[in-house]
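There's a structure below that I have some questions on.
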Amino acid sequence: MTKRFTIGKNERLKSRKAIDLLFREGKRFTISPFRVFYCETGQVELLAGVGVGTKNFKKAVDRNRIKRQAREAWRLQKGQLKEQLIQNGKGLHVFFIFTEKSLPAYEQVFEAITIIIGKLKKLVEK
RNA sequence: GCUACAAGCCAGGCUAUCGUCCCGAUGAAAAUCGGGGAGGAAAGUCCGGACAGCACAGAGCAAAUGUACCGGUGAAGAGCCGGGUCCCGGUUGCAAAAUACCGGGAACAGAUAGUGCCACAGAAAAUAACUGUCCCGUCAAAAGCGGGAUGAGGGUGAAAACGUGGGGUAAGAGCCCACGGCGGUUGCUAGUAAUAGUAAUGGCGGGUAAACCUUGCAUGCUGAAAUGCCACAUAUAGUAUCGAUUGAGGGCGGCUCGUCCGAGAUCCGCCGAAAGGCGGACACGGUACAGGGUAGGCAGAUUGAUCCUGAUAGGUAACUACCGGGACAGAUAAAUGAUAGCCCACGACAGAAUCCGGCUUACCGGCUUGUAGCUUUU
RNA sequence: UGGGGGUUCGCCAAGUGGUAAGGCACCGGGUUUUGGUCCCGGCAUUCAGGGGUUCGAAUCCCUUACCCCCAG
């Protein structure tokens, strides 16, 4: 119960192969600053990753900041989605890509992740 | 105390909760506990290395690229320190082009090795020609014409054939002389040297080498996604060629020696009377090509020419030697974040990816030291 | 990580040391009853920014900024 807000090594999308597969064959949708790729898997797991393009943000500091904000928002809100997956016996790979060109506020990112998780929950339910 | 400049240092702090990467301990595991976790520029990639692979395992020449006052320093450099020469600015002073002091700058080898270029203007942009001046001839004389001498007088221009004065001459010219300027050669003195001073000698034919170039020196090429190992995986593995001697010729970073490959010939086997023709298999190993598979892990890889600091010694200094103390992240889709509170100067530029030494650029503000100026007090 | 190229008027661009071509667009005038077409004229004081070499830089050199491309 206390370890719900984690984002450790085994909860991140790490394999290059899995990411390539996700981009090639996964489904996708766009919600304000993010484009989301997702793909259901057989094992019970929930892996996530974040990316920011060099084209929109030239400075590494800005890219790191957005990735950290997105990861923080995901960490705090993914609990319910994971419980649902465990109940249904499904797994899910998710990848976020930031598409805006200006630096966002943290609240903006947090709200966007809330909406995305709501949508993912509906998709899992089907 | 204030202002300006230069150099160096710091780069918000603390507490709580949640979260993250690495290391250690406990544990069968899950996990828990403890410790550590971006910079002065981590950046640009402008230089120099370390390290690794390939080539050569050699020598010489050429090309290409870079570089260029001298000495030192350092692993090395286009870095740093010191010195020289030239240029610019300031101060003192009646006066500072050359001379005193202070500060700043310099891609400061060569223009008498050669080639090219120098718009417009100007007679002419480097060799002359044109115009002019003077002499002679022609002619009664002048002009004109012809022959000869001469070289800066010719409005320009960024730049005009060492400058000024005198002599000299038919007219002139460094043609000669005096003073001054510039650079060459030789000698002496000082200095490690660049160079400076001085004497003699023989000159004074613009600029541009960040135009080509010449001279000296340096450099093999490619970069950690390099590279090595293990596991998985095709495949009881496809094609070509090699694993005897000589050798036209060809390749090896361009060339030569050198070295490697090599049609053909020789050799062996078969056919054939001979000439000649065909073949040198399989297996194993090497090389090249085609196709297929894998794309996980470990090493490289984070302590090294290390950095900071104190004392001593050497040195003008950069720096060096030695002794003592302290510090140093290590991921592999990639770690430092979020929330709340308090304090203050209200927080800039900005995020490691193989590692070091420099340079350059970005930067809110604060502190220290030095120099100069102004003001106050003694 | 390593390498290559570019930046000239509002847009497309030429210009390889000597007054910065040209087209489109724009502005003014003419022709026409009006508009279009056509004709004439105008439009770069800073050639991405800074510094240097040169008598003289868009051009040569150094440096900074931005943009594009390539290899794996």
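Worth knowing before you read on, the calculation uses all heavy atoms, side chains too, and leaves out hydrogens, waters and symmetry mates.
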Distance-only polar pair, side chains of Gln84(A) and Lys121(A), donor-acceptor under 3.5 Å: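 Side-chain D/A pair, Gln84(A) to Lys121(A): absent.
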
Complementary nucleotide of A334(B), counting Watson-Crick and G-U pairs under 3.5 Å: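 The base-pairing partner of A334(B), which may sit in any strand shown, does not exist here.
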
For Phe37(A), enumerate each residue passing the ring pair (Phe, Tyr, Trp, His ring centres under 6.0 Å) test, keeping only those at least two apart in sequence or located in another chain.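 Counting only residues at least two positions away or on another chain, Phe37(A) forms a ring pair (Phe, Tyr, Trp, His ring centres under 6.0 Å) with Phe23(A).
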
P atom, A329(B) versus U303(B): distance in rounded Å?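 After rounding to an integer number of Å, I get 5 Å for this pair.
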
Looking at A107(B), which nucleotide sits across from it as a Watson-Crick or G-U wobble partner, both distances under 3.5 angstrom, or is there none?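 Its partner: none found.
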
Decide, for G174(B), between syn and anti: a glycosidic angle within 90° of 0 counts as syn, anything else as anti.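 Base orientation: syn.
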
Among the candidates U339(B), G337(B), A350(B), find the nucleotide nearest to the side-chain atoms of Glu72(A).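 For Glu72(A), the side-chain atoms sit closest to G337(B).
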
Looking at every heavy atom in both Ile31(A) and Ala112(A), which two are closest together, and how far apart are they?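 Shortest heavy-atom contact: CG2-O, 4.4 Å.
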
For Arg63(A), report the nucleic acid contact type (base, sugar-phosphate, nothing); a contact means any heavy atom under 4.0 Å.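 Result for Arg63(A) = nothing.
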
When you compare C43(C) with C24(C), how far apart are their C1' atoms, in angstrom units rounded to a whole number?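 Going atom to atom, C1' in each nucleotide, I get 14 Å.
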
Can you tell me the distance, in whole Å, between the CZ atom of Phe37(A) and the P atom of A333(B)?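 These atoms are roughly 19 Å apart.
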
Is there a Watson-Crick or G-U wobble partner for A4(B) with both distances under 3.5 Å, and which nucleotide is it?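 Check on A4(B): paired to U371(B), both distances under 3.5 Å.
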
What is the distance, to the nearest angstrom, from the CZ atom on Arg68(A) to the C1' atom on C18(B)?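 Distance check: Arg68(A) CZ to C18(B) C1' gives 17 Å.
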
Interatomic distance where CD1 belongs to Ile66(A) and P belongs to G351(B) [whole Å]: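 Interatomic distance, CD1 of Ile66(A) to P of G351(B): 13 Å.
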
Nearest-angstrom distance from the residue atom CG of Asn64(A) to P of A333(B):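 From Asn64(A) CG to A333(B) P: 16 Å.
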
According to the Watson-Crick and G-U wobble definitions, with both distances under 3.5 Å, which nucleotide is paired to C38(C)?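 Its partner is G30(C) (Watson-Crick or G-U wobble, both distances under 3.5 Å).
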
Can you tell me whether the base of A109(B) sits syn or anti, using the 90° cut around 0 to define syn?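 Here the answer is anti: the torsion falls beyond 90° from 0.
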
If pairing requires Watson-Crick or G-U wobble contacts with both distances under 3.5 Å, which nucleotide is the partner of C204(B)?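 Per the H-bond distance test, G181(B).
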
What interatomic distance, in whole Å, is found between C1' of A160(B) and the corresponding atom of C145(B)?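 34 Å, rounded to whole Å.
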
Tell me, please, which residues at least two apart from Lys67(A) pass side chain to side chain contact (heavy atoms under 4.5 Å, CB included).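 Result, side chain to side chain contact (heavy atoms under 4.5 Å, CB included) vs Lys67(A): Val50(A), Val52(A), Asn64(A), Arg71(A).
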
Quick check on RNA chain B: between Glu107(A) and Lys67(A), whose nearest nucleotide comes earlier from the 5' end?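 Counting from the 5' end, the first nearest nucleotide belongs to Lys67(A).
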
How long is the line joining CZ of Arg71(A) and P of G337(B), in whole Å?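 Distance, rounded to whole Å: 12 Å.
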
CZ of Arg65(A) versus C1' of A38(B): gap in Å, rounded?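 In whole Å, A38(B) C1' and Arg65(A) CZ are 16 Å from each other.
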
Length of the CG-P vector between Asp62(A) and A348(B), whole Å: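 The answer, rounded to whole Å, is 13 Å.
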
Checking base pairs now: Watson-Crick or wobble, both atom distances under 3.5 Å. What partners U239(B)?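 In the structure as shown, U239(B) has A288(B) as its Watson-Crick or wobble partner.
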
Give, for atom CH2 of Trp74(A) and atom CG of Leu46(A), the distance between the pair rounded to the nearest 0.5 Å.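 Trp74(A) atom CH2 to Leu46(A) atom CG measures 4.5 Å (nearest 0.5 Å).
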
Name the pairing partner of G146(B), where a pair is Watson-Crick or G-U wobble with both distances under 3.5 Å, or state none.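 Base partner found: C136(B).
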
Between C1' of A338(B) and CH2 of Trp74(A), the distance in whole Å: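 Answer to the nearest Å: 18 Å.
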
For the atom pair OG1 (Thr114(A)) and CD (Gln77(A)), what is the distance rounded to the nearest 0.5 Å?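 Going from the OG1 atom of Thr114(A) to the CD atom of Gln77(A) covers 3.5 Å.
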
For A321(B), give its Watson-Crick or G-U wobble partner with both distances under 3.5 Å, or none.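 A321(B) is paired with U312(B).
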
Answer syn or anti for G40(B), where the cut-off is 90° from 0 on the glycosidic torsion.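 G40(B): syn glycosidic orientation.
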
For the P atoms, the ones on A96(B) and on A100(B), what distance do you get once it is rounded to whole angstrom?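 One P to the other, the span is 15 Å.
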
Quantified in whole Å, what is the C1' atom distance between nucleotide A41(B) and nucleotide G103(B)?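 It works out to 30 Å between them.
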
